[in-house]
S.K.: 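There's a structure below that I have some questions on.
All residue numbers refer to positions in the sequence shown, counting from 1.
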Amino acid sequence: MVFADMCTKSGEAWTIVQEKVMTAGFEVEFYLLESVIKNDKEEFESSDKWRKCHTTAFDMASPILEEMLTYLQSLNISIDYLHKEAGKGQFEIGLEYTNCFGAADRLIYTREVIRTVGRKYGYHPTFLPKYSLDEYGCGSSVHISLSKNGINVFKESDGSSQYGISKIGEAFMSGVLDHLPSVLAFIAPHPTSYECLYSKEWNGRFVTWHKENTYAKISTCTLPGAVVVSHFVCPAFDACTNPYLGLASIMTAGIDGLWKKLSLPAPVDRETRDVNQEDYRRLPDCLTDSLNALEEDTLFNDMMGENLVVCLKAIRKAEIDHYCEDEEPYKDLIYKF
């Protein structure tokens with residue numbers, strides 16, 4: 001497998017591709033499924049029957065997981081953690097922070113390793129946001145921080161912030177929050193993405209942020225035992241996303257927040273289904289709504305290039321037609337993601 005830059009025939013960088021730099025780390029959620037034939041049709045079943053952090057699931061899958069980690073280590077991909085997730089047959093690998101492009105590279109390599117090793121042992125690994133309506137969804141939650149000369153500048157250092165975030169960090173995160181309806185067109189880019197976003201285990205249909213709430217669309221995070229916020233997380237990021245474009249959209253929104261010196265609204269510390277809906281903007285209910293938000297938001301045309309945004313919107317609209325008019329294509333998604 002080889003990565004390459006996209007260039008024009010003359011050898012110049014393709015104008016649709018723009019290099020961005022940001023510190024990021026991904027959570028890689030995946031299912032190990034077993035293929036079974038029922039009524040002459042292939043179906044997929046969970047590889048185990050246990051839920052989050054169950055040791056029996058680890059024991060059964062340990063040869064597979066150990067081989068995955070060995071391959072990742074050989075690729076110089078550092079792992080923060082590996083644990084059993086909430087779904088039956090679901091696991092999660094946490095990747096260490098690195099620069100923006102490096103994080104996207106590692107995410108792609110990690111998925112390839114998981115697919116290859118899983119197939120070797122007779123399993124079908126999938127990262128599909130919602131492979132079954134009866135099971136927990138899969139995400140690629142991205143953790144975002146800002147650094148300068150190797151120092152975390154997202155967290156506050158002088159005790160002046162009520163949220164434990166620096167002014168730079170607050171402005172950046174405010175920009176992401178402000179443009180979140182449009183950003184979803186990049187990081188939740190498929191009709192099936194919204195089956196995961198608003199399924200039974202998710203909350204938060206409004207443009208709000210939370211503290212230490214892994215089910216919110218944007219949440220701040222602190223290290224164990226710490227008071228100061230170290231970074232924030234966007235759990236809406238999923239495996240249907242082009243990770244380079246997804247990270248670029250988050251950075252674009254954050255830079256706009258820095259330019260405008262935006263401030264964060266008060267966090268929502270309760271379940272968002274209980275908030276006064278009139279006080280908050282509603283997030284897109286589906287990909288069509290996300291595209292409408294992107295259409296009205298000129299920032300991404302200006303920052304990422306009109307050609308790229310036009311291409312992206314055309315592809316998304318074609319996928320809506322393809323997947324929403326006929327349920328048959330949905331059945332093939334498990335082979336694609």
Side-chain angles (χ1 to χ4, degrees), residues 5-10 12-24 99-101 103-104 107 140 142 144 146 168-191 193-194 197 205-209 217-218 232 234 236-265 280-324:
D5 294 327
M6 297 183 70
C7 301
T8 63
K9 290 183 179 180
S10 63
E12 297 177 356
W14 191 31
T15 57
I16 290 180
V17 180
Q18 297 185 14
E19 184 172 351
K20 305 290 183 183
V21 179
M22 183 170 61
T23 305
N99 65 77
C100 184
F101 268 8
L107 177 63
S140 298
V142 60
I144 302 294
L146 304 174
I168 291 174
E170 186 173 338
F172 187 93
M173 185 172 144
S174 297
V176 178
L177 184 66
D178 187 49
H179 293 281
L180 187 57
S182 304
V183 170
L184 286 180
F186 293 88
I187 67 173
H190 196 279
S193 300
Y194 296 81
L197 280 180
R205 287 180 175 267
F206 303 94
V207 181
T208 59
W209 70 280
K217 301 303 180 286
I218 290 185
F232 71 98
C234 293
F237 209 106
D238 68 33
C240 298
T241 303
N242 177 319
Y244 303 96
L245 294 182
L247 289 172
S249 71
I250 292 173
M251 171 166 280
T252 297
I255 289 174
D256 189 57
L258 291 172
W259 282 343
K260 296 177 180 177
K261 298 181 179 179
L262 297 179
S263 298
L264 282 170
Y280 301 95
R281 286 186 295 153
R282 188 177 178 87
L283 286 169
D285 289 320
C286 59
L287 182 54
T288 298
D289 291 346
S290 296
L291 291 176
N292 290 338
L294 182 60
E295 189 76 37
E296 297 172 0
D297 195 336
T298 61
L299 173 70
F300 298 92
N301 275 13
D302 298 338
M303 288 282 287
M304 298 178 68
E306 184 177 0
N307 288 341
L308 184 146
V309 176
V310 167
C311 289
L312 180 138
K313 289 189 291 188
I315 292 170
R316 299 289 183 264
K317 290 175 181 178
E319 289 182 332
I320 290 171
D321 292 339
H322 183 62
Y323 288 102
C324 293

S.K.: To the nearest 0.5 angstrom, please state how far the CG atom of D256 sits from the OG1 atom of T252.
M.R.: 9.0 Å
S.K.: Any idea which heavy atoms bring A104 and Y244 closest together, and the distance?
M.R.: CB-CE2, 3.3 Å
S.K.: Any idea which heavy atoms bring L247 and F237 closest together, and the distance?
M.R.: N-CE1, 3.9 Å
S.K.: Examine distances only and state if a side-chain atom of D289 and a backbone atom of D285 form a donor-acceptor pair shorter than 3.5 Å.
M.R.: yes
S.K.: Is atom NZ of K313 surrounded by more than 12 heavy atoms (other residues, nucleotides or ligands) closer than 6.0 Å?
M.R.: yes
S.K.: Assess the side chains of S140 and D238: does a donor N or O sit below 3.5 Å from an acceptor N or O?
M.R.: no
S.K.: List the atom of L177, the atom of V207, and the distance in Å for their closest heavy-atom pair.
M.R.: O-CG1, 3.2 Å
S.K.: Give the ring-plane orientation class for H179 versus F300, where under 30° counts as parallel, over 60° as perpendicular and anything between as tilted.
M.R.: perpendicular
S.K.: Give the minimum heavy-atom separation between M304 and A248, together with the two atoms involved.
M.R.: CE-CB, 3.8 Å
S.K.: With distance as the sole test, does T241 use its side chain to make a donor-acceptor pair with the main-chain N or O of G246 at under 3.5 Å?
M.R.: no
S.K.: Locate the shortest heavy-atom distance separating S174 from S263; write the atom from each residue and the value.
M.R.: OG-C, 3.2 Å
S.K.: With heavy-atom distances below 4.5 Å as the criterion, would you say the side chains of I250 and C234 are in contact?
M.R.: yes
S.K.: Any non-hydrogen side-chain atom of I320 less than 4.5 Å from a side-chain atom of Y323?
M.R.: no
S.K.: Taking atom CD of E296 and atom CG of L299, what is their separation to the nearest 0.5 Å?
M.R.: 14.0 Å
S.K.: Check E319 against P191 and note the closest heavy-atom contact, atom names and distance.
M.R.: O-CG, 4.2 Å
S.K.: So, Y194 side chain and A188 main chain: donor-acceptor pair closer than 3.5 Å or not?
M.R.: yes
S.K.: To the nearest 0.5 Å, what is the distance between CD1 (I187) and SG (C240)?
M.R.: 12.5 Å
S.K.: Any side-chain to backbone donor/acceptor pair from W209 onto K217? Under 3.5 Å, distance only.
M.R.: no
S.K.: Is L245 close to L308 at the side-chain level, that is, under 4.5 Å between some pair of heavy atoms?
M.R.: yes
S.K.: Side chain of R316, backbone of L287: donor and acceptor closer than 3.5 Å?
M.R.: no
S.K.: I'd like to know whether D321 forms a salt bridge (Lys or Arg N to Asp or Glu O under 4.0 Å) with K317, so could you lay out the CA-CA distance, the side-chain angles of the two residues, the decisive distance to 0.1 Å, and finally the verdict.
M.R.: CA-CA 6 Å; D321 292 339; K317 290 175 181 178; over 6 Å; no
S.K.: With the side chain counted from C-beta on, respond yes when L294 and L312 share a heavy-atom pair under 4.5 Å apart, and no when they do not.
M.R.: yes
S.K.: Atom CG in L180, atom CD1 in I218: separation rounded to 0.5 Å?
M.R.: 5.0 Å
S.K.: If we ignore hydrogens and angles and just use 3.5 Å, is the side chain of R281 paired with the main-chain N or O of D178 as donor and acceptor?
M.R.: yes
